[in-house]
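Residue indices begin at 1 and follow the sequence shown. For clarity, every value in this text was computed on a predicted model and none was experimentally measured.
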Amino acid sequence: NLPYEPEDFVTSPDGTVAVVRGIDRSRGRARLFLAALRNPKGAIEIAADSVPGVESLHPIEYSVAAVGTNLVVFAAQDGSGDRVYVVPYKHEAPEGKPPLIAIGKRRTIDIRPPGRGRFIQVSDPALSPDGRELAFVGVASDGRQDIYVAPIKGGEARRITDDPYSEKDLSWSPGGIYYSSAATDR
């Protein structure tokens with residue numbers, strides 16, 4: 001029972017927690033909620049768009065969130081490009097009681113494309129299995145949509161793909177990074 005219509009979601013590796021992007025179609029606004037799947041009424045809002053620093057959570061366009069065992073990562077438009085944010089969280093499931101979630105302070109991660117500048121767009125984030133790195137689809141100043149990997153603490157991202165095709169729908173497992181592509185000759 002979220003206050004907004006669920007439009008996109010991603011679950012934690014153990015399947016106990018989800019980040020849900022809800023949309024209010026009448027106002028054209030979106031919000032991100034963190035919810036224990038066994039207690040969705042206890043969902044906590046972690047971001048709302050149409051405010052400075054989070055002008056847009058890109059509703060309907062593409063996914064913007066990833067969730068690990070103790071960390072939420074999301075991207076949002078901030079001025080002329082996207083920024084990446086992290087929100088630590090703690091999930092407890094006391095026996096015989098509804099699960100509880102507590103969140104920490106949201107902070108920005110400074111992730112830059114190779115060379116200099118900033119990303120115009122960041123989408124489809126995926127955390128590495130150990131939670132130390134973030135893979136995402138990024139559009140840098142060259143206008144190409146490719147996969148990048150950056151340390152979760154921030155810094156310069158490594159370009160993983162470098163082709164004219166659009167990649168999306170990232171997932172990172174112990175076996176590697178999986179994604180879909182617009183490539184038709186592969």
Given 3.5 Å as the limit, does a donor-acceptor pair link the side chain of Y89 with the main chain of T69, or not?
yes
Taking the side chain as C-beta and beyond, is there a heavy-atom pair between P99 and H91 under 4.5 Å?
yes
Answer yes or no: is there a side-chain heavy-atom contact under 4.5 Å between V54 and Y85?
yes
Could you measure the distance from the OG atom of S12 to the CG atom of L71? Nearest 0.5 Å is fine.
12.0 Å
Using atom types as modelled and distance alone, determine if a side-chain donor or acceptor of R29 lies under 3.5 Å from a backbone N or O of D49.
yes
Under a 4.5 Å side-chain heavy-atom rule over Ile, Leu, Val, Met, Phe, Trp and Tyr, are W172 and V137 clustered together?
yes
Closest contact, heavy atoms only, A65 versus V10:
O-CG1, 3.6 Å
Tell me whether R159 contacts the main-chain N or O of P114 through its side chain, where contact means a donor paired with an acceptor under 3.5 Å.
no
Does I111 reach the side chain of F136, with side-chain heavy atoms less than 4.5 Å apart?
yes
Looking only at atom types and distance, does a side-chain atom of S128 sit under 3.5 Å from a main-chain N or O of R132, one as donor and one as acceptor?
yes
Would you check if there is a donor-acceptor pair between the side chains of D82 and H58 at a distance under 3.5 Å?
yes
Tell me whether I103 shares a hydrophobic cluster with L100, the cluster being built from Ile, Leu, Val, Met, Phe, Trp, Tyr side chains joined at under 4.5 Å.
no
Does the side chain of L127 reach to within under 4.5 Å of the side chain of L134, using non-hydrogen atoms?
yes
With a 4.5 Å heavy-atom cut-off, do E55 and D78 have their side chains touching?
yes
Is V149 close to I177 at the side-chain level, that is, under 4.5 Å between some pair of heavy atoms?
yes
Is any side-chain N of the basic residue among R144 and D162 closer than 4.0 Å to the acidic one's carboxylate O?
yes
Common cluster, L57/I46, ILVMFWY with side-chain heavy-atom separation under 4.5 Å:
yes
Hey, does the side chain of R83 reach the backbone of T108 with a donor-acceptor pair shorter than 3.5 angstrom?
no
V20 reachable from V67 in the ILVMFWY side-chain graph, under 4.5 Å edges:
no
Could you report the tightest heavy-atom contact between I109 and G154, atom names first, then the distance?
CG2-CA, 3.3 Å
Separation between CG (L34) and CD1 (I101), nearest 0.5 Å, reads 4.0 Å
Side chains of V17 and V72: closer than 4.5 Å at any heavy-atom pair?
no
Full working for side chain to side chain contact (heavy atoms under 4.5 Å, CB included) between I60 and E7:
CA-CA 7 Å; I60 303 176; E7 180 263 326; 3.9 Å; yes
Nearest 0.5 Å please: distance from the OH atom of Y62 over to the CG atom of D8.
12.0 Å
CD/Q121 to CD/Q145 distance, rounded to the nearest 0.5 angstrom?
6.0 Å
When you measure from the side chain of E156 to the backbone N and O of R158, does any donor-acceptor pair fall under 3.5 Å?
no
Nearest heavy atoms of A18 and L37, plus distance in Å:
CB-CD2, 3.6 Å
Looking at R31, R27, R21, which hits side-chain hydrogen bond (donor to acceptor under 3.5 Å, both in side chains) with Y4?
R31
Mark yes or no for whether D169, through its side chain, and S180, through its backbone, hold a donor-acceptor pair below 3.5 Å.
no
Polar side-chain atom of T161 near backbone of I147 as donor-acceptor pair, under 3.5 Å:
yes
Non-hydrogen side-chain atoms of R118 and S80 separated by less than 4.5 Å
yes
Under the side chain to side chain contact (heavy atoms under 4.5 Å, CB included) rule, what do E167 and D146 come out as? Steps first, then yes or no, please.
CA-CA 6 Å; E167 291 83 17; D146 283 306; 3.6 Å; yes
With under 30° as parallel and over 60° as perpendicular, where do the rings of F119 and Y148 fit, or are they tilted in between?
perpendicular
Please say yes or no: joined through hydrophobic side-chain contacts below 4.5 Å, possibly via intermediate residues, are V51 and V87 part of one cluster?
yes
